[in-house]
Amino acid sequence: MTAIKHALQRDIFTPNDERLLSIVNVCKAGKKKKNCFLCATVTTERPVQVKVVKVKKTDKGDFYKRQMAWELRDLTEVDAKDANKENPEFDLHFEKVYRWVASSTAEKNSFISCIWKLNQRYLRKKVEFVNVSPQLLEESVPSGESQSVAGGDEDALDDYQELNAREEQDIESMMAVCEYAISNAEAFAEKLSRELQVLDGANIQSIMASEKQVNILMQLLDQALAEVDNIEGKLLSYEEMLQSVKEQMDQISQSNHLIQISNTNNGKLLDEIQFLVNYMDLSKGHIKALQEGDLSSPKGIEACINASEALSQCMNVALKPGHDKLMAVKQQQHLFSELRDTFARRLTNHLNNVFVHQGHDQSSTLSQHTAELTLPKHSPLHRDLLRYAKLMEWLKNTQREKYEGLSRTYVDYMTRLYEREIKDFFEVAKIKMAGTSKDGKGKFGLHGSSGKLTGSTSSLNKLAVSSSNSRRSQSSSLLDMGNMSASDLDVADRTRFDKIFEQVLSELEPLCLAEQDFISKFFKLQQNPTLAQVSIRYNPDSDLCVKDMVRMMMNKIFQSIETELNSLIALVDKIDSFNSLYMLVKMSHHVWTAQNVDPASYLSTTLGNVLVTVKRNFDKCIVSETHVICKNVQEALNFLKCCFSDFFFLNMKRKKT
């Protein structure tokens with residue numbers, strides 16, 4: 001084993017600047033016996049690295065090769081299997097468990113003892129030894145093959161030196177002198193021991209002969225020891241001074257760390273304050289505009305719009321966690337709430353007054369349109385109110401109740417205003433339509449066509465008692481006169497009626513479209529999905545969409561249009577039932593036009609309902625005229641029968657005479 005150890009040191013570990021301290025011949029447990037060597041090594045350079053190396057003999061020749069190496073610091077546990085009985089098996093726990101069987105228990109114990117010493121010296125007891133005898137961990141294992149490595153103390157690990165070339169030559173020359181050095185190693189060792197004893201005796205005698213020199217050497221050693229003590233004292237004082245300096249430097253480092261933390265916290269605090277100042281600070285100009293801004297002038301309205309937008313941004317800023325607990329933030333939020341409520345009241349009162357005054361101003365101009373068949377234009381009112389559209393949007397997003405109150409107020413005032421205007425407008429239309437058929441009523445009654453036919457048949461019946469020639473001439477003349485006069489009057493009246501009815505519809509259409517467009521813009525009810533979602537979010541209990549809200553307001557404002565149109569249609573139908581044909585054509589055209597613009601608009605819905613009424617009147621007219629025509633045809637046949645019978649009897653009398 002010594003020769004193998006020497007060969008391994010020379011061939012494998014010396015080129016890598018490593019020293020071989022212990023070796024054990026092992027094979028893997030439970031497998032075929034393929035022997036290898038586990039070697040405990042340390043590096044010759046510092047820092048010292050301790051390794052366990054697996055060395056295996058090559059298949060060809062007697063050379064050894066390094067197969068695997070583990071760092072001793074990666075070793076977590078050494079398991080000797082049994083501390084009381086001799087057992088060659090042991091386990092090494094690295095990244096996984098390696099199970100080995102040593103060639104002998106002595107080699108295993110020697111190797112484990114070396115590992116323990118290396119653990120004590122370099123790893124500070126990090127490796128755990130299990131099932132290992134305590135005596136083995138306290139002193140060297142008595143083994144002839146391993147005493148050179150494991151029998152010494154820790155200093156022996158560092159004192160081991162490799163033989164140099166001269167020492168190798170001396171050993172070889174000495175072995176050459178002694179022929180039996182290889183064949184009989186014990187005799188060679190005894191000879192060397194005897195020669196070493198002789199040399200030791202000579203050395204002792206030489207030392208005793210130089211006692212004086214020894215005494216001098218001892219004195220020098222005592223002086224050196226005293227000097228060492230002095231130096232140690234100085235080193236201790238220096239160490240204390242360095243310790244004091246170290247403590248002061250630690251305090252300085254800690255204070256610097258605290259200063260750095262303080263600076264970091266101050267920077268973060270400054271950023272938070274800057275954030276709050278930038279996003280929650282409302283200028284004095286905006287505050288003044290919200291409190292005292294003039295809502296009647298364009299500049300004042302513009303200032304109020306800017307101030308309300310700035311206020312909304314300040315109130316809707318996304319505060320970070322903890323900001324709402326700051327007293328300054330609470331005060332600022334309270335100020336914003338007061339400004340919002342104050343401005344909302346001012347805006348609501350001002351718009352209420354605007355609605356009232358504008359309604360009175362429009363009512364005063366109604367007298368100008370009574371003589372003409374026109375409706376007053378509300379574009380000036382819409383233009384003035386649209387300046388407040390952005391403020392209405394702000395009110396809608398911040399004070400929903402006040403926004404809805406303003407909506408109801410506007411609807412109430414405009415309902416009364418439009419009701420008066422539409423009523424007067426339709427009164428004028430009725431007067432003009434009644435005037436167009438005044439002559440026709442005097443001559444032919446309310447139903448021109450039926451009166452015409454009834455008059456002709458009654459004339460013919462009255463002439464039945466006279467002669468046939470005189471009856472035919474008189475009846476034909478009456479028929480011709482009645483047909484010509486009634487036809488001319490009906491065409492003229494129906495042409496004027498057509499123009500009047502077209503003018504009525506032409507006046508109503510732009511009025512309704514303008515009002516619907518104004519409501520959508522002023523109350524921010526544009527028909528898009530985003531605003532519809534906003535409306536539903538503000539009013540979660542309502543399923544009305546934006547279009548329904550606009551239609552509902554239009555129904556309230558123009559609730560009299562459909563009633564007046566139906567009243568006008570009823571009057572016209574009484575005047576002449578054939579007017580329903582003209583109305584059907586006109587209404588169909590206007591309904592088609594309105595549906596092309598917006599199928600769900602109020603105008604399209606209202607005209608569609610009126611169109612249904614007109615269609616029903618037209619159907620009634622057709623039915624009644626059909627009955628009249630059938631009745632007149634029967635009367636004409638009866639008249640012809642009477643004439644023929646009279647003529648027949650006259651001829652008979654003539655023949656008899």
Side-chain angles (χ1 to χ4, degrees), residues 369 372-379 382 411 414-415 417-433 436 494-521 525 527 544-622:
H369 300 273
E372 301 176 359
L373 190 59
T374 57
L375 284 168
K377 303 299 181 183
H378 296 86
S379 55
H382 294 167
V411 169
M414 296 308 294
T415 299
L417 176 62
Y418 278 116
E419 187 175 0
R420 291 193 300 269
E421 292 179 355
I422 292 171
K423 184 177 181 181
D424 295 341
F425 174 73
F426 275 95
E427 287 296 332
V428 175
K430 291 176 182 178
I431 292 172
K432 288 182 176 292
M433 287 185 179
T436 57
R494 289 167 184 167
T495 302
R496 285 193 295 271
F497 162 75
D498 186 36
K499 292 181 179 179
I500 294 173
F501 192 72
E502 175 65 24
Q503 187 175 359
V504 169
L505 296 179
S506 300
E507 289 290 328
L508 289 177
E509 280 187 1
L511 181 71
C512 294
L513 294 176
E515 185 65 29
Q516 182 171 336
D517 182 64
F518 168 74
I519 289 175
S520 300
K521 292 180 180 178
L525 297 176
Q527 298 174 356
L544 294 177
C545 63
V546 176
K547 292 183 178 180
D548 294 332
M549 295 174 65
V550 174
R551 191 182 301 110
M552 182 177 63
M553 295 179 69
M554 291 290 293
N555 286 333
K556 290 182 179 179
I557 292 175
F558 293 107
Q559 58 186 355
S560 61
I561 284 184
E562 187 172 352
T563 304
E564 294 293 338
L565 274 174
N566 289 330
S567 176
L568 180 64
I569 290 170
L571 175 64
V572 172
D573 189 65
K574 288 181 180 180
I575 294 174
D576 189 354
S577 60
F578 273 100
N579 288 332
S580 59
L581 177 60
Y582 291 89
M583 289 188 292
L584 181 63
V585 174
K586 292 297 181 183
M587 290 299 299
S588 300
H589 174 71
H590 284 275
V591 168
W592 180 79
T593 304
Q595 287 184 348
N596 287 337
V597 176
D598 186 3
S601 65
Y602 166 79
L603 180 64
S604 176
T605 304
T606 303
L607 293 181
N609 295 336
V610 176
L611 178 61
V612 173
T613 303
V614 173
K615 178 63 170 59
R616 290 174 181 173
N617 292 340
F618 177 72
D619 293 340
K620 292 179 182 179
C621 174
I622 295 300

Output yes when a side-chain donor or acceptor of Ser560 lies under 3.5 Å from a complementary backbone atom of Glu419, and no otherwise.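 Looks like no, no N/O pair under 3.5 Å.
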
How far apart are the closest heavy atoms of Ile557 and Tyr418, and which atoms are they?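 Closest pair (atom of Ile557, atom of Tyr418, distance): CG2-CD1, 3.3 Å.
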
What are the two closest non-hydrogen atoms of Leu511 and Pro376, and how far apart are they?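 So the minimum-distance heavy-atom pair works out to CD1-O, 4.1 Å.
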
Measuring from atom [atom1] of [X] to atom [atom2] of [Y], what distance do you get when rounded to the nearest 0.5 angstrom?
| X | Y | atom1 | atom2 | value |
| --- | --- | --- | --- | --- |
| Ile422 | Glu507 | CD1 | CD | 11.5 Å |
| Leu375 | Glu509 | CG | CD | 12.0 Å |
| Thr415 | Phe558 | OG1 | CZ | 9.0 Å |
| Leu607 | Ile561 | CG | CD1 | 8.5 Å |
| Arg551 | Ile519 | CZ | CD1 | 12.5 Å |
| Leu565 | Asn609 | CG | CG | 10.5 Å |

Are the side chains of [Y] and [X] in contact, using a 4.5 Å heavy-atom criterion?
| X | Y | answer |
| --- | --- | --- |
| Met554 | Thr605 | no |
| Gln503 | Lys432 | no |
| Leu417 | Met414 | yes |
| Thr606 | Cys512 | no |
| Leu508 | Phe426 | yes |

Just say parallel, tilted or perpendicular for the rings of Phe518 and His382, cut-offs at 30° and 60°.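 Parallel: the ring planes of Phe518 and His382 meet at under 30°.
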
Among residues at least two apart in sequence or on other chains, which ones pass side chain to side chain contact (heavy atoms under 4.5 Å, CB included) with Asp517?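 Here the qualifying residues are Lys521.
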
Ignoring hydrogens and geometry beyond distance, is a side-chain donor-acceptor pair present between Glu502 and Ser506 at under 3.5 Å?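 Result is yes, a qualifying pair exists.
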
Any residue meeting side chain to side chain donor-acceptor pair (under 3.5 Å) with Ser567, in chain and number order, not counting sequence neighbours: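 In terms of side chain to side chain donor-acceptor pair (under 3.5 Å), with neighbours along the sequence ignored, Ser567 is linked to Lys430.
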
